[in-house]
A.B. asks: 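Take a look at this one; I'll ask things after.
Here is the naming used below: chain letters follow the sequence lines, and residue numbers restart at 1 for every chain. What's counted below: heavy atoms across the whole structure, side chains too, no hydrogens, waters or symmetry copies.
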2 protein chains.
Amino acid sequence: MNNNSVESVVILKKALNQTCYKFFSCLSNPTRLATIEMLIEKPMSVNEIATALGEEQSMISHNLKLLLDCNFIESNRDGKKRVYSLNRETIESLFKIVTNHAKKYCPKGGRCGIKGDQRK
Amino acid sequence: MNNNSVESVVILKKALNQTCYKFFSCLSNPTRLATIEMLIEKPMSVNEIATALGEEQSMISHNLKLLLDCNFIESNRDGKKRVYSLNRETIESLFKIVTNHAKKYCPKGGRCGIKGDQRK
DNA sequence: AGTATATATGAAGAATTTTACATATGAATA
DNA sequence: TATTCATATGTAAAATTCTTCATATATACT
């Protein structure tokens, strides 16, 4: 491996890191996770999601934009409404990994980070 | 499905959401991603990571703790040192998904969120 | 035991992210 | 085109997360 390709790898890695950061940041938010959960059931409009979650419309809208930017969801206009639906390919394979990881390391049901809690 | 099992599903979902939140939050940080990247190569001590990344020892230590709590890494003492190594099973399958997702939706290399950037 | 080296921890300020409110834009329909 | 319904956006304040500094703890060695 010459210097040039080492450099390329570094750049690639940096790029991957930026991607990963945006990818994971987008998913590290309770509102957005709850939204994804809603959309697992069926495509929904902004107001439907907001009502279901008991949150403000504008707040949901802000969060949907982030999910959209990361292509975790897509949107389609339906008359006055705009309907959001899930990118199942990514989300489902992702959640499979989380579930497996949790099953293996968080035996007490969903409560991950038991070690962390114990330490305090 | 009776009321009881509906409730169980809700609780399960909440639990999964908490798990997901912790899982993804842990990964949505540049320092921790860079650390993971280092550990892909080989197990390393705190100081080795800190030096490699040009960061403070205590800062790396704080961040390693979070990665440890989520079981993305594990630690073993080696004399005075403490050596951290990667949970490859989870991390590698996870990064495969991110890479695929990025390949599909971020055609310009690693720079995801092109839509987001364009909007401003 | 005392010292040196390696790592962990607590806490406060800095930085980032999230939310709420006000308001703007877009689409359908009278 | 005026009105209504649905969604988006700008921005400041609130909430959360991160980093830094000081210091504590742990291990090995003399």
Side-chain angles (χ1 to χ4, degrees), chain A residues 17-18 20-36 38-39 43-70 72-85 113 115-120, chain B residues 17-18 20-36 38-39 43-70 72-85 113 115-120:
Chain A
N17 253 224
Q18 281 173 230
C20 287
Y21 177 64
K22 200 162 188 198
F23 187 100
F24 293 125
S25 305
C26 188
L27 295 171
S28 71
N29 173 289
T31 304
R32 291 195 289 277
L33 286 173
T35 301
I36 288 174
M38 290 277 107
L39 296 179
M44 291 171 87
S45 74
V46 181
N47 270 326
E48 282 173 330
I49 298 166
T51 303
L53 298 180
E55 303 286 354
E56 288 230 345
Q57 169 272 319
S58 78
M59 189 261 224
I60 298 300
S61 191
H62 277 298
N63 280 300
L64 284 169
K65 191 168 79 167
L66 296 185
L67 287 168
L68 205 56
D69 283 353
C70 280
F72 291 134
I73 60 175
E74 63 172 36
S75 82
N76 289 99
R77 189 164 276 286
D78 170 23
K80 272 186 273 193
K81 292 184 182 177
R82 180 169 284 281
V83 176
Y84 289 87
S85 52
K115 281 180 198 168
D117 293 347
Q118 286 175 332
R119 286 202 191 166
K120 255 293 155 77
Chain B
N17 253 225
Q18 280 174 232
C20 287
Y21 177 64
K22 201 162 187 197
F23 187 101
F24 294 126
S25 305
C26 188
L27 295 170
S28 70
N29 173 288
T31 304
R32 290 195 290 275
L33 286 172
T35 300
I36 287 173
M38 290 278 107
L39 295 180
M44 291 172 88
S45 73
V46 180
N47 270 326
E48 281 172 331
I49 298 166
T51 303
L53 298 179
E55 303 286 355
E56 286 229 347
Q57 170 271 319
S58 78
M59 188 260 224
I60 297 301
S61 190
H62 278 298
N63 281 300
L64 284 170
K65 191 168 78 168
L66 297 185
L67 288 168
L68 205 55
D69 283 352
C70 280
F72 291 134
I73 60 175
E74 61 171 37
S75 81
N76 289 99
R77 190 164 272 288
D78 172 22
K80 272 185 275 193
K81 291 183 182 177
R82 181 169 283 281
V83 176
Y84 289 86
S85 52
K115 283 178 196 166
D117 292 347
Q118 285 175 333
R119 287 201 189 166
K120 255 293 153 79

A.B. asks: OP1 or OP2 of D:dT9 less than 4.0 angstrom from a side-chain nitrogen or oxygen of A:S61, does that happen here?
C.D. replies: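 No, no such contact exists.
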A.B. asks: Once hydrogens and angles are ignored, does a donor-acceptor distance under 3.5 Å link the base of D:dA6 to the side chain of A:Q57?
C.D. replies: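 Under the 3.5 Å cut-off, the side chain and the base do not form any donor-acceptor pair.
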A.B. asks: List for me each residue that meets side chain to side chain contact (heavy atoms under 4.5 Å, CB included) alongside B:F24, sequence neighbours excluded, and say none if there are none.
C.D. replies: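 B:F24 satisfies side chain to side chain contact (heavy atoms under 4.5 Å, CB included) with A:F24, A:L27, A:S28, A:L33, A:L94, A:F95, A:V98, B:C20 only.
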A.B. asks: Sequence neighbours excluded, which residues qualify as ring-ring contact (aromatic ring centres under 6.0 Å, His included) partners of A:Y84?
C.D. replies: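 None.
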A.B. asks: Less than 4.0 angstrom between a side-chain N/O of A:R82 and OP1 or OP2 of D:dA8, yes or no?
C.D. replies: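 Yes, within the criterion.
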A.B. asks: Checking A:R32 side chain against A:L67 main chain: does a donor-acceptor pair fall under 3.5 Å?
C.D. replies: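 Pair absent, no side-chain N/O of A:R32 close to backbone of A:L67.
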A.B. asks: Which heavy-atom pair separates B:C70 from B:K22 by the least distance, and what is that distance?
C.D. replies: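 Answer, listing the atom of B:C70 first, then B:K22: SG-O, 3.6 Å.
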A.B. asks: Between B:N47 and C:dT5, does any side-chain N or O lie under 4.0 Å from OP1 or OP2?
C.D. replies: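 Indeed not, no polar side-chain atom of B:N47 lies that close.
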A.B. asks: Protein-nucleotides 28-30 of chain D N/O pairs closer than 3.5 Å?
C.D. replies:
none

A.B. asks: What's the CE-C1' distance between A:M44 and D:dT7, to the nearest Å?
C.D. replies: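 A:M44 atom CE is separated from D:dT7 atom C1' by 15 Å.
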A.B. asks: Pull out every protein N or O sitting under 3.5 Å from an N or O of nucleotides 15-20 of chain D, one pair per line with the distance.
C.D. replies:
from   : atom 1 : to    : atom 2 : distance (Å)
D:dT17 : OP1    : B:Y21 : OH     : 2.4
D:dC18 : OP1    : B:N29 : ND2    : 3.1
D:dC18 : OP1    : B:R32 : NH2    : 3.0
D:dT19 : OP1    : B:T31 : OG1    : 3.2
D:dT19 : OP2    : B:N63 : ND2    : 3.2
D:dT20 : O4     : B:H62 : NE2    : 3.3

A.B. asks: Using whole Å, what does the distance between atom C1' of nucleotide C:dA27 and atom CG of A:N76 come to?
C.D. replies: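 The answer, rounded to whole Å, is 15 Å.
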A.B. asks: Return the set of residues passing side chain to side chain contact (heavy atoms under 4.5 Å, CB included) with B:S58 (not counting sequence neighbours), or none when no residue passes.
C.D. replies: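 Partners of B:S58 under the side chain to side chain contact (heavy atoms under 4.5 Å, CB included) test: B:E56.
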A.B. asks: To the nearest Å, how far apart are B:I49 CD1 and C:dA8 C1'?
C.D. replies: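 My rounded result for the distance is 14 Å.
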A.B. asks: Tell me the interatomic distance from A:K81, atom NZ, to D:dA8, atom P, rounded to whole angstroms.
C.D. replies: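 It works out to 13 Å between those atoms.
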A.B. asks: Show the nearest heavy-atom pair for residues A:K81 and A:R77, with the distance to one decimal.
C.D. replies: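 So the minimum-distance heavy-atom pair works out to O-CG, 3.5 Å.
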A.B. asks: Take A:N63 and A:M59 through the test side-chain contact (heavy atoms from CB on, under 4.5 Å) and record every step on the way to the result.
C.D. replies: CA-CA 6 Å; A:N63 280 300; A:M59 189 261 224; 3.5 Å; yes
A.B. asks: Find the distance A:L53:CG to C:dT18:P and express it as a whole number of Å.
C.D. replies: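 Roughly 16 Å, once rounded to whole Å.
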A.B. asks: Expressed in angstrom and rounded to an integer, what is the separation of B:K65 atom NZ from C:dA11 atom C1'?
C.D. replies: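 Atom NZ in B:K65 sits about 12 Å away from atom C1' in C:dA11.
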A.B. asks: Who are the side-chain hydrogen bond (donor to acceptor under 3.5 Å, both in side chains) partners of B:S61, not counting sequence neighbours?
C.D. replies: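 Partners of B:S61 by the side-chain hydrogen bond (donor to acceptor under 3.5 Å, both in side chains) criterion come out as none, since no residue qualifies.
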A.B. asks: Below 3.5 Å, can you tabulate the donor-acceptor pairs from side chains in residues 43-55 of chain A to any protein atom, sequence neighbours excluded?
C.D. replies:
from  : atom 1 : to    : atom 2 : distance (Å)
A:S45 : OG     : A:E48 : N      : 3.2
A:S45 : OG     : A:E48 : OE1    : 3.4
A:E48 : OE1    : A:S45 : N      : 2.8
A:T51 : OG1    : A:N47 : O      : 2.8

